[in-house]
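Have a look at the structure below before the remarks.
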There are 2 protein chains.
Amino acid sequence: MYEQPTGGAAFPVPKTMDLHILDHRLRVTSISKNGLVSYTHPLIKLIFLRNRTRCKFFSLTETPENYTVVLDEEGFKELQPSEHLQVESSVWLPLNVVSNGSVSSSSQAVGVTKIAKSVIAPLAQQHVSVFMLSTYQTDFILVREKDLSVVISTLEEEFNIYKEVEGESVPVHCQDVSNGLQKNGKEALQPTVHPVLIPQNQFCVMSLDPDTLPSIATTLIDVLFYSNSPKEDSQLSANQDLDCIQFFSFSLIDGYISLVMDTEAQRRFPADLLFTSSSGELWRMVRIGGQPLGFDECGIVAQISQPLAEGDISAYYISTFSFDHALVPEEDIVSVTDMLHHQRKEAAAS
Amino acid sequence: MYEQPTGGAAFPVPKTMDLHILDHRLRVTSISKNGLVSYTHPLIKLIFLRNRTRCKFFSLTETPENYTVVLDEEGFKELQPSEHLQVESSVWLPLNVVSNGSVSSSSQAVGVTKIAKSVIAPLAQQHVSVFMLSTYQTDFILVREKDLSVVISTLEEEFNIYKEVEGESVPVHCQDVSNGLQKNGKEALQPTVHPVLIPQNQFCVMSLDPDTLPSIATTLIDVLFYSNSPKEDSQLSANQDLDCIQFFSFSLIDGYISLVMDTEAQRRFPADLLFTSSSGELWRMVRIGGQPLGFDECGIVAQISQPLAEGDISAYYISTFSFDHALVPEEDIVSVTDMLHHQRKEAAAS
């Protein structure tokens with residue numbers, strides 16, 4: 001039922017994609033490695049006891065630095081302030097791209113690659129910081145609530161934009177949003193090219209029927225909350241000698257579970273309960289950042305996702321409190337490494 | 001192969017029972033209601049992650065006052081000191097009575113009733129404090145390590161006494177124990193008759209195959225660690241209006257699991273995994289003590305278990321940091337109540 005616009009710019013392009021601003025107000029937090037013990041009680045509640053909490057958006061990612069917890073305001077209430085908890089000061093809103101069924105994309109790639117040109121690059125040009133959270137099911141683009149008007153005005157040319165309000169999708173336009181057409185005013189600087197780390201682990205991106213979550217509860221609790229206990233310290237340091245990285249991500253968002261883990265962690269779970277989109281699909285990690293990246297620099301996701309899009313290479317992308325992490329198919333890691341090497345050389349030459 | 005003694009006292013009575021001093025050195029601790037959050041991490045490890053701990057004796061009992069945790073020294077290491085943790089200063093040793101197969105008891109009663117005359121009463125006479133812990137499988141009689149010589153000299157007339165040492169049962173005699181025949185020297189006072197509380201809940205004493213513990217993990221975690229969360233406060237206070245008591249006990253001792261819970265908690269667990277000795281067997285509670293009892297008063301268990309033994313009424317008995325709890329068959333609660341009423345009247349008259 002697409003109606004040809006009767007006026008406006010020459011050659012109007014039909015909008016082929018929808019962008020949904022989801023009905024979650026999110027906080028991005030970090031729990032120190034030593035502090036996890038103090039937060040075991042609320043985290044277990046948020047992960048396993050759905051009928052005890054109204055939290056609908058929960059993500060926990062362990063990295064060698066800390067635990068990044070992204071959660072909605074209902075979930076955030078459960079985390080008592082302490083020296084072990086860092087909280088990014090903004091409220092973040094998750095965006096989600098949905099292709100209109102009528103249009104087939106020429107790309108077969110999935111993940112952040114699919115939205116690199118349409119969302120990530122334009123937002124970077126407008127100096128909007130994004131915090132990416134890819135899951136088994138979809139890719140969430142988190143933007144600061146205060147940047148929403150810029151986001152809408154930047155993306156409404158290419159997207160039908162909807163705001164989810166209590167289960168209803170309400171169309172929004174730039175003029176609906178306070179602050180109107182105001183754009184972020186920073187200069188377009190040459191972006192920093194960050195050093196990358198390419199650990200040796202192989203990762204899988206998996207899901208699980210929420211009803212079977214209790215069946216893996218003790219294993220998941222063991223992996224999430226006890227994998228750093230002294231017993232395993234020797235093993236851990238052995239891993240680090242081999243350039244492996246401690247990385248485990250669990251999310252429970254609107255009733256959907258997503259897990260990202262390396263093959264070593266995967267072996268601890270019963271094989272018949274976790275599933276992945278195609279059996280044996282393995283991913284390698286590119287960790288972006290030598291020093292913690294912070295939340296204000298723009299264009300970090302764009303810098304890696306644009307060349308991936310040009311190469312049509314699928315990628316999951318998980319931002320954490322300290323670093324960003326892209327996951328690319330195992331068979332593409334050599335070309336991605338070459339590409340990043342090339343990018344660094346160009347940046348050094350310019 | 002019983003050999004008639006060739007000398008000694010007239011009418012020597014053959015020893016028909018064995019008493020085992022188990023190879024666990026126990027600590028009796030209490031976690032405050034508000035402090036449970038801080039101890040969730042170590043407690044979940046001790047309950048669910050057997051390959052991460054060398055603890056072999058663990059018991060956790062929730063009462064309205066606090067959580068009583070009895071555990072061996074390996075387990076005790078996991079509990080960091082804090083304002084929320086109270087620790088009784090002594091080391092306690094668990095004793096266990098085993099009937100010799102050759103002798104049939106005239107009593108059909110089980111639990112503490114069976115050992116009331118042979119163990120509980122003689123120890124009370126010798127001013128030995130006991131801390132009782134009945135489980136689905138057996139009844140542990142905890143005595144202070146420093147009282148061991150008195151315990152042995154008191155009980156060796158009636159029992160073959162063995163000390164478990166690294167899986168071996170080694171016979172012990174009074175002279176083997178340092179302090180020799182020294183007895184506790186306190187005066188035999190008229191024991192205090194403590195007030196009792198008889199709540200309306202019906203309890204069951206259950207067990208579980210340790211291999212199926214992961215299947216009930218989320219339910220057990222919910223009941224143990226989240227049953228006092230604000231969500232249920234209204235329900236809880238409603239219960240207390242009806243004279244119900246919050247009481248839940250879990251133990252994992254030498255690989256055996258025992259659970260004591262009321263029928264309301266029982267309904268939350270899958271019916272096919274927990275088992276009890278005879279289906280539908282329900283118990284009523286007699287809580288002993290108006291003020292917290294402490295650990296030094298002797299004869300508390302004797303006071304209730306002796307009349308139960310005379311009436312041949314089975315009873316489980318669970319001591320906690322604040323109060324003692326006897327569980328008697330539902331059908332006997334009226335006669336037990338009468339008996340306790342009679343006891344109080346006698347004490348008042350004397």
Side-chain angles (χ1 to χ4, degrees), chain A residues 31-55 67 74-75 77-85 208-233 235 252 257 268-270 273, chain B residues 31-55 67 74 77-85 208 210-236 252 257 268-270 273:
Chain A
I31 296 170
S32 71
K33 288 272 164 166
N34 290 336
L36 188 70
V37 170
S38 327
Y39 288 96
T40 303
H41 191 271
L43 293 175
I44 284 183
K45 179 172 169 180
L46 292 167
I47 295 171
F48 296 105
L49 306 177
R50 276 181 294 165
N51 58 347
R52 291 214 178 260
T53 169
R54 282 191 222 133
C55 175
Y67 297 84
E74 284 289 339
K77 280 185 208 162
E78 304 281 346
L79 305 183
Q80 295 301 311
S82 85
E83 51 173 342
H84 295 294
L85 183 73
L208 177 73
D209 180 341
D211 292 337
T212 62
L213 184 59
S215 318
I216 63 156
T218 51
T219 309
L220 187 56
I221 286 171
D222 197 354
V223 169
L224 278 176
F225 296 101
Y226 299 90
S227 56
N228 282 310
S229 69
K231 191 189 155 191
E232 290 201 330
D233 267 0
Q235 205 186 327
L252 176 52
I257 294 172
R268 302 177 59 184
F269 289 88
L273 292 176
Chain B
I31 296 170
S32 71
K33 287 271 164 167
N34 290 336
L36 188 70
V37 170
S38 326
Y39 288 95
T40 303
H41 192 270
L43 293 175
I44 283 183
K45 180 172 170 178
L46 292 166
I47 296 171
F48 295 105
L49 306 177
R50 276 182 294 165
N51 59 347
R52 291 212 178 260
T53 168
R54 281 191 223 134
C55 176
Y67 297 85
E74 283 289 336
K77 282 184 208 162
E78 304 282 345
L79 305 182
Q80 296 301 312
S82 84
E83 54 176 336
H84 296 295
L85 183 73
L208 177 71
D211 293 336
T212 62
L213 183 58
S215 318
I216 63 156
T218 50
T219 308
L220 188 55
I221 287 171
D222 196 357
V223 169
L224 278 176
F225 297 101
Y226 299 90
S227 55
N228 282 310
S229 68
K231 190 188 156 191
E232 293 201 331
D233 268 357
S234 53
Q235 204 184 332
L236 189 73
L252 174 52
I257 294 172
R268 302 177 58 182
F269 289 88
L273 292 175

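Just so you know, these numbers come straight off a predicted model, no measurement behind them. Order of the sequence lines fixes the chain letters, A, B, ..., with proteins taken first and strands second; residue numbering starts at 1 for each chain.
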> How long is the span from the CZ atom in A/Phe225 to the OG1 atom in B/Thr40, to the nearest 0.5 Å?
Replying inline: 10.0 Å
> Among all residues two or more places apart in sequence or in another chain, which pass the side chain to side chain contact (heavy atoms under 4.5 Å, CB included) test with B/Lys77?
Replying inline: B/Glu74
> Would A/Tyr226 and B/His41 satisfy ring-ring contact (aromatic ring centres under 6.0 Å, His included), going step by step from the backbone distance to the final call?
Replying inline: CA-CA 9 Å; A/Tyr226 299 90; B/His41 192 270; 4.1 Å; yes
> Once you round to the nearest 0.5 Å, how far does CD1 of B/Ile44 lie from CD1 of A/Ile44?
Replying inline: 3.5 Å
Just list the side-chain donor-acceptor pairs under 3.5 Å for residues 214-224 of chain B, sequence neighbours left out, or say none.
{"from": "B/Ser215", "atom 1": "OG", "to": "B/Thr212", "atom 2": "O", "distance (Å)": "3.2"}
{"from": "B/Asp222", "atom 1": "OD1", "to": "A/Arg52", "atom 2": "NE", "distance (Å)": "2.4"}
{"from": "B/Asp222", "atom 1": "OD1", "to": "A/Arg52", "atom 2": "NH2", "distance (Å)": "2.9"}
{"from": "B/Asp222", "atom 1": "OD2", "to": "B/Arg268", "atom 2": "NH2", "distance (Å)": "3.1"}

